[in-house]
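One structure is given here, and the rest of the page talks about it.
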Amino acid sequence: SGEIGNEQARIAAERGMCEAAVLLQAGDTVAFPTETVYGLGADARSTAAVEAVFAAKGRPSDNPLIVHISDPVQLNGMVAQINDTARALMDAFWPGPLTLVLPVVPQALSPRVTAGLDTVGVRMPDHPIALRLITEAGCPLAAPSANRSGRPSPTLAQHVQEDLEGRIGGILDGGPTGVGLESTVVQAGDDGTVTILRPGGVTAEQLAAVARAVVLDPALVADSPGEDADSPAPRSPGMKYTHYAPRGRLSVVQGPSPDEVAGWIRTALAEARAHGERTAVLAFDEHAASYAGERVYALGKRDALHEAAQRLYGVLRRCDEDGVTYILSEACPPNGLGDAVMNRLLKAAGHRVVRL
Ligand code: TXA
Ligand code: MG
């Protein structure tokens with residue numbers, strides 16, 4: 001019966017949890033679900049364990065990892081100081097998709113976690129499996145997204161398997177993640193100003209309800225972060241790498257009206273096909289009918305951007321599976337989660353934007 005099935009599933013999950021905690025205690029790596037994306041966890045105090053994370057991902061070692069805790073008490077002895085604004089943000093958004101960059105206590109964590117910086121990014125994830133795993137392991141978990149470096153972040157255990165099978169200790173499968181994009185990374189100044197280093201699951205509007213002022217890291221505002229010698233170096237080191245890029249050539253199309261955008265995209269796709277390209281379009285549901293006959297990857301409803309956030313990484317993986325070589329995407333409205341979706345989309349497109 002279903003009840004026996006549920007009981008067996010519960011026992012299997014329990015056993016998986018125990019095995020995962022034991023692996024982590026032994027210095028191995030384990031992938032686990034969070035409310036944003038799957039993370040690849042390791043004991044943040046162990047340099048060997050943290051090095052195994054960098055190795056499994058093929059991640060550049062100058063890009064620091066986020067430390068995950070299950071209780072703010074774990075910050076004692078790990079961070080040197082928490083100002084009033086940082087404290088207010090924790091109260092408002094933890095557990096949840098917000099990472100705070102705080103001054104780190106020397107030697108509390110492996111220096112590989114912080115990539116030599118004097119700060120550490122910390123968050124308390126809002127996912128029962130993640131919270132339980134951190135508690136059972138009995139240590140803070142350094143965990144970047146559980147993808148090979150340069151691939152879209154995983155929103156399913158299957159994505160982790162595709163990228164990291166044979167390279168890690170294990171995977172806890174918690175089904176699809178909720179938000180679908182990574183956490184918002186912020187630094188809270190002593191003057192009450194919150195600087196967004198990476199847009200994510202907590203929106204600027206939500207932060208503004210708690211902070212005195214919210215500003216974007218100037219490097220995020222630059223057109224092509226980190227690549228141009230004149231543009232400021234991003235304070236979140238990860239932002240300078242080309243991420244999430246599908247193998248096909250992706251461009252984002254912006255225009256005065258959805259109809260004009262759709263018309264331009266249809267023509268461009270037909271031309272690309274005439275040159276032998278395998279084409280696709282990323283479109284919001286409201287405009288899907290404009291692309292009859294095209295390969296359409298749906299981003300969900302334009303006025304419900306959490307759907308685009310949930311789907312984007314899966315869609316980028318689909319582009320590769322389907323072997324598409326030329327991809328055009330509609331742009332996102334710049335409000336709410338749109339900032340984060342657009343940030344990831346532009347990175348996936350290598351900042352190629354067509355402005356009509
Ligand atoms: O939602 C998330 O944040 C996911 C889940 C697994 O928690 N994790 C994640 O980790 O996205 P990762 O390693 O893929 O991205 C971490 C980002 C990078 O852009 C990194 O540069 C930045 O956070 N970061 C980490 N520590 C930092 C620090 N001390 N100062 C500035 N940026 C930091
Ligand atoms: Mg990542």
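Every number for a ligand or one of its atoms is a count from 1 in the order of the listing.
Near N63, meaning under 4.0 Å from any of its heavy atoms, are these atoms of ligand 1: 18 (C), 20 (C), 21 (O). The ligand atoms of ligand 1 that sit less than 4.0 angstrom from a heavy atom of G121 are 26 (N), 29 (N). For ligand 1, the atoms lying closer than 4.0 Å to a non-hydrogen atom of T119 are 28 (C), 29 (N), 30 (N). If you number the atoms of ligand 1 from 1 as listed, the ones under 4.0 Å from a heavy atom of G39 come out as 6 (C). Near H68, with a cut-off below 4.0 Å to any heavy atom, the atoms of ligand 1 are 5 (C), 6 (C), 7 (O). The distance from ligand 1 to the heavy atoms of P64 drops below 4.0 Å at these ligand atoms: 20 (C), 21 (O), 24 (N), 25 (C), 26 (N), 27 (C), 33 (C). Heavy-atom contacts of S145 reach the following atoms of ligand 1: 8 (N), 9 (C), 10 (O), 12 (P), 14 (O) (cutoff under 4.0 Å).
If you check the side chains of D163 and N147, you find no donor sitting under 3.5 Å from an acceptor. Using modelled atom types and a 3.5 Å distance limit, the side chains of R311 and T155 yield no donor-acceptor pair. With 3.5 Å as the limit, one finds no donor-acceptor pair spanning the side chains of T36 and E182.
Backbone or side-chain N, O or S atoms of N147 do not reach the Mg ion (ligand 2) at under 2.8 Å.
At a heavy-atom distance under 4.0 Å, only side-chain atoms of R123, from C-beta outward, approach ligand 1. The side chain of T36, and not its backbone, has at least one atom closer than 4.0 Å to an atom of ligand 1 (non-hydrogen atoms only; side chain from C-beta on).
Distances between N or O atoms of Y38 and those of ligand 1 include no value under 3.5 Å. Polar contact check, R59 against ligand 1: a nitrogen or oxygen pair lies under 3.5 Å apart. Residue contacts with ligand 1: E182 is placed with no nitrogen or oxygen under 3.5 Å of a nitrogen or oxygen of the ligand (distance criterion only). Backbone and side-chain nitrogen or oxygen atoms of S183 are examined, and one is located within less than 3.5 angstrom of a nitrogen or oxygen of ligand 1.
Counting only distance, with no hydrogens or angles, the side chain of Q25 and the backbone of E136 share a donor-acceptor pair below 3.5 Å. T99 contributes no side-chain N or O that, together with a main-chain N or O of G121, makes up a donor-acceptor pair within less than 3.5 Å.
Compare L102, L117, V67 by their heavy atoms: the one nearest to atom 28 (C) of ligand 1 is in L117.
R45 and D43 are joined by a salt bridge, as a carboxylate oxygen and a charged side-chain nitrogen come within less than 4.0 angstrom of each other.
The environment of D91 atom CG is dense: over 12 non-hydrogen atoms of other residues, nucleotides or ligands sit within 6.0 angstrom. Counted within 6.0 Å of CZ on R295, heavy atoms from surrounding residues, nucleotides or ligands total more than 12; the atom is thus considered enclosed. Within 6.0 Å of CD in Q81 there are more than 12 heavy atoms belonging to other residues, nucleotides or ligands.
Heavy-atom distances between T114 and ligand 1 stay at or above 4.0 Å for every pair.
Under the 4.5 Å side-chain criterion, counting only non-hydrogen atoms from C-beta, P64 is not in contact with V120.
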